[in-house]
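Working notes, beginning with the structure itself.
Keep in mind the model is a prediction, meaning the values are calculated, not measured. Numbers here simply count residues along the sequence, with the first being 1. Side chains are part of it too, since the values below use all heavy atoms of this structure and drop only hydrogens, waters and symmetry mates.
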Amino acid sequence: MKQLLLGNAAAARGLYEAGVAVASSYPGTPSTEITEELAKFDEVCCEWAPNEKVAMEVAFGASLAGKRSFCAMKHVGLNVAADPLFTVSYTGVNAGMVIAVADDAGMHSSQNEQDSRHYARSAKLPMLEPADSAEALAFAKLGYTLSEQFDCPVLLKMCTRIAHSQSVVETGARTEGPEKPYEKNIAKYVMMPGNAIRRHPLVEQRMAALAEWAETAEVNRAEPGRDSSMGIITSSTSYQYVKEVCGDRFPVLKLGMVWPLPEKKIRAFAAGVKKLVVVEELDSFIETYVRELGLECTGKALFPPLGEFSQNLVAEKLGLPVPGGAALSVPIPARPPVMCAGCPHRGLFYTLSRNKCTVLGDIGCYTLGAVAPLAAMEMTLCMGASVSALHGFNKALGAQSEGRTVAVIGDSTFMHSGMTGLADIAYNQSNSTVIILDNSITGMTGHQQNPTTGYNIKGDPAGKIDLEALCRAMGFARVRVVDPYDLAQCDAVLKEELAAAEPSVIISRRPCALLKYVKHPGPIAADADKCVGCKNCMRIGCPAISVRAGKAVIDATLCVGCGVCAQLCKVGALPGGKKEA
């Protein structure tokens with residue numbers, strides 16, 4: 001049956017049709033929907049893991065047991081999972097194992113533009129890269145065939161455009177994976193040095209065999225062109241742009257397996273054209289390989305090593321006509337990202353800003369606490385880094401920073417990689433204050449469950465971590481819970497914990513305002529007669545509040561009635577809410 005599917009949904013369908021049995025992932029845009037879509041199939045055991053390392057280890061365990069397995073993550077998540085990735089390349093697999101990694105060229109929702117193809121080369125694993133939804137489905141299925149044929153995990157590289165664009169796919173029936181009973185094999189699966197050193201030659205032999213497979217594989221295809229003055233080597237989204245711009249004018253070598261690359265096929269393609277051009281987003285991965293073969297080619301001399309490409313960019317760089325376009329007569333006003341109206345993090349960040357705290361932040365929607373007018377976050381590095389960095393910051397500066405510096409981290413991020421940093425604070429005793437922003441969900445990636453919510457990926461009741469008990473068990477005597485809608489409480493508790501002579505944890509707890517089950521009192525209305533135009537209410541940066549003709553105005557379509565703004569109003573023009581201390 002033909003369907004129009006997102007690339008991520010198509011990949012999930014391919015995994016399902018291939019008979020995957022166990023899937024474990026950590027949500028990360030643009031990979032999240034693969035596992036969400038896969039969870040809709042009752043035949044597949046799906047879960048959200050606390051982090052990507054755990055997810056990959058779960059998938060390996062399922063493969064070891066003889067069931068086809070899967071895990072997914074975004075590009076920076078592969079950094080977290082790199083430890084098992086490099087060693088599972090040595091152990092190999094039992095049943096097939098596919099690892100999806102989704103890159104984010106253009107940094108739509110990421111802190112860097114990392115190119116995951118380097119991991120395939122470094123870990124010595126095959127990587128497939130689809131160029132549309134149909135290939136996402138087909139390559140997911142092919143991944144299991146290759147995994148079992150060559151005894152290794154297979155990387156499936158998605159990217160934002162392929163993951164989140166739609167194209168037509170033809171779906172099929174599910175086929176259960178082959179029976180692969182578990183057999184004890186210490187030499188294969190116990191990677192102590194004496195065993196690992198014997199596995200390495202097998203890895204090299206496998207890569208040579210995969211390179212030979214790549215030479216005749218249908219996923220790598222040479223498409224003829226009318227003009228051999230230029231030949232283009234490309235893959236993924238770039239292939240789509242090249243075909244849209246060039247049609248069948250120039251020969252194109254379309255690569256579906258981007259590691260290992262087909263040396264003979266590339267040489268043969270290059271021999272048939274006068275000039276060789278490599279079109280690829282981000283790093284010069286393919287171009288570097290082509291140059292290593294001793295072939296002349298042009299790539300990053302034309303195309304930028306950053307950001308997403310477009311049809312017009314490809315046309316311009318290839319020296320082809322660029323279609324004209326009509327410019328808007330009125331410029332579109334800037335729309336910077338902002339925390340939602342009623343966001344529970346807003347009151348807490350306002351309190352931190354008001355107290356002139358140095359705030360070391362983390363990865364989540366609360367990273368928007370760095371945006372004006374709150375401007376209450378000064379560092380964001382990677383998942384969990386806020387807690388560890390706070391410890392180092394306070395160890396370096398001591399009393400200079402201890403009474404005014406905090407770390408903020410979300411509940412899901414804390415479970416991902418914040419606990420080890422918190423253990424470090426308890427163990428090595430820095431006088432640090434960590435604030436866990438508990439909004440009862442994984443907010444930034446679209447409301448996925450996590451170990452603190454009490455529900456699993458399907459919404460069924462599950463084990464629930466008690467954050468207060470966990471922090472106390474880790475060695476913290478001072479654990480406080482505040483309601484971020486109550487500014488006076490937040491201010492008082494923050495002052496107390498910063499003044500304390502021992503490490504402490506503050507849990508700022510209120511569910512995300514966008515959760516369907518959260519009931520709000522409803523929008524408030526500003527009293528224009530009482531409003532004096534002081535703009536105190538604007539200091540919290542709520543998108544529901546604006547000033548018109550010198551008076552505060554509340555947008556009833558956005559306001560949830562949280563009452564935080566009312567606590568800032570000294571003249572009673574905004575009803576509801578306790579007054580700020």
Side-chain angles (χ1 to χ4, degrees), residues 3-14 27-37 72-78 99-120 127-140 143 155-169 219 232-247 252 254-259 278-286 299-300 302-318 322-323 325 444-446:
Q3 296 183 45
L4 188 65
L5 291 180
L6 282 174
N8 278 346
R13 180 71 198 191
T29 306
S31 73
T32 307
E33 297 90 354
I34 303 176
T35 308
E36 287 181 328
E37 290 294 322
M73 60 209 68
K74 67 185 296 177
H75 60 293
V76 286
L78 192 55
I99 302 164
V101 55
D103 285 8
D104 188 20
M107 293 183 283
H108 298 280
S109 60
S110 306
Q111 65 266 46
N112 68 32
E113 284 189 297
Q114 174 182 314
D115 191 328
S116 295
R117 294 177 296 177
H118 297 290
Y119 269 110
M127 175 177 274
L128 301 171
E129 187 173 30
D132 58 25
S133 296
E135 287 192 346
L137 189 155
F139 287 12
L155 291 159
L156 179 69
K157 180 183 176 294
M158 304 290 284
C159 67
T160 301
R161 290 297 151 197
I162 302 302
H164 290 161
S165 62
Q166 298 184 76
S167 59
V168 175
V169 304
V219 297
I232 300 170
I233 303 177
T234 188
S235 66
S236 187
T237 318
S238 299
Y239 166 76
Q240 300 292 355
Y241 298 153
V242 166
K243 295 302 287 186
E244 287 185 47
V245 168
C246 301
V252 172
K254 192 269 185 190
L255 297 172
M257 175 177 269
V258 292
W259 192 257
V278 179
V279 183
E280 57 184 330
E281 288 184 336
L282 298 182
D283 295 344
S284 56
F285 185 84
I286 299 171
K300 292 305 169 186
L302 290 176
F303 294 93
L306 48 88
E308 287 187 297
F309 292 176
S310 66
Q311 294 91 331
N312 285 1
L313 174 70
V314 171
E316 176 193 344
K317 299 303 181 182
L318 292 179
V322 178
M444 183 173 64
T445 48

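Note that the CE atom of Met444 and the OG1 atom of Thr32 stand 8.5 Å from one another [nearest 0.5 Å]. Note: Leu156 CG to Ser116 OG = 11.5 Å, rounded to the nearest 0.5 Å. A distance of 5.0 Å separates CG in Leu318 from SG in Cys246, rounded to the nearest 0.5 Å. The distance from the CG atom of Asp132 to the CZ atom of Phe139 is 8.5 Å, given to the nearest 0.5 Å. Of the inter-residue distances, the one linking Ile99 atom CD1 with Met73 atom CE reads 6.5 Å to the nearest 0.5 angstrom. Here CD of Glu36 is found 9.5 Å from CG of Asn8. Values are rounded to the nearest 0.5 Å.
The two residues Ala131 and Lys254 make their nearest non-hydrogen contact at CB-CE, 3.8 Å. The shortest heavy-atom contact between Ala163 and Pro30 is CB-O, 3.5 Å. Of all heavy-atom pairs between Val258 and Glu129, the closest is CG1-OE1, 3.1 Å. Between Tyr241 and Phe309, the closest heavy-atom pair is CE1-O, 3.3 Å. A pairwise comparison of heavy atoms in Leu6 and Gln166 identifies CD2-CG, 3.7 Å as the closest pair. Closest non-hydrogen pair, Ser238 versus Glu280, comes out as OG-CA, 3.8 Å.
The existence of a salt bridge linking Arg161 and Glu281 is excluded, since no basic side-chain nitrogen approaches an acidic carboxylate oxygen closer than 4.0 Å. With salt bridges taken as basic N to acidic carboxylate O contacts below 4.0 Å, one links Lys157 and Asp103.
Side-chain contact between Val169 and Arg13: absent, with no pair of heavy atoms (C-beta onward) separated by less than 4.5 Å. At least one side-chain heavy atom of Lys74 sits less than 4.5 Å from a side-chain heavy atom of Ser109. Arg117 places a side-chain heavy atom less than 4.5 Å from the side chain of Ile286. Val101 is listed as a side-chain neighbour of Met127, based on a closest heavy-atom distance under 4.5 Å.
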For this session: Determine, stepwise, if the pair Val314 / Glu244 fulfils side chain to side chain contact (heavy atoms under 4.5 Å, CB included).
Result: CA-CA 10 Å; Val314 171; Glu244 287 185 47; over 6 Å; no
For this session: Give the C-alpha distance, both sets of side-chain angles, the deciding distance and a yes or no for side chain to side chain contact (heavy atoms under 4.5 Å, CB included) between Glu135 and Val219.
Result: CA-CA 9 Å; Glu135 287 192 346; Val219 297; over 6 Å; no
Exercise. Does the side chain to side chain contact (heavy atoms under 4.5 Å, CB included) test come out yes or no for Ile162 and Ser236, once each step is laid out?
Worked result: CA-CA 8 Å; Ile162 302 302; Ser236 187; 3.8 Å; yes
For this session: Any chance you could lay out the side chain to side chain contact (heavy atoms under 4.5 Å, CB included) test for Thr29 and Asp104, step after step, and finish with the verdict?
Result: CA-CA 8 Å; Thr29 306; Asp104 188 20; 5.9 Å; no
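A donor-acceptor pair under 3.5 Å is absent between the side-chain atoms of Asp115 and the main chain of Leu282, judged by distance alone.
Partners of Gln114 by side chain to side chain donor-acceptor pair (under 3.5 Å), not counting sequence neighbours, listed by chain and number: Asn79. Under the side chain to side chain donor-acceptor pair (under 3.5 Å) criterion, Ser133 pairs with Ser167, sequence neighbours left out.
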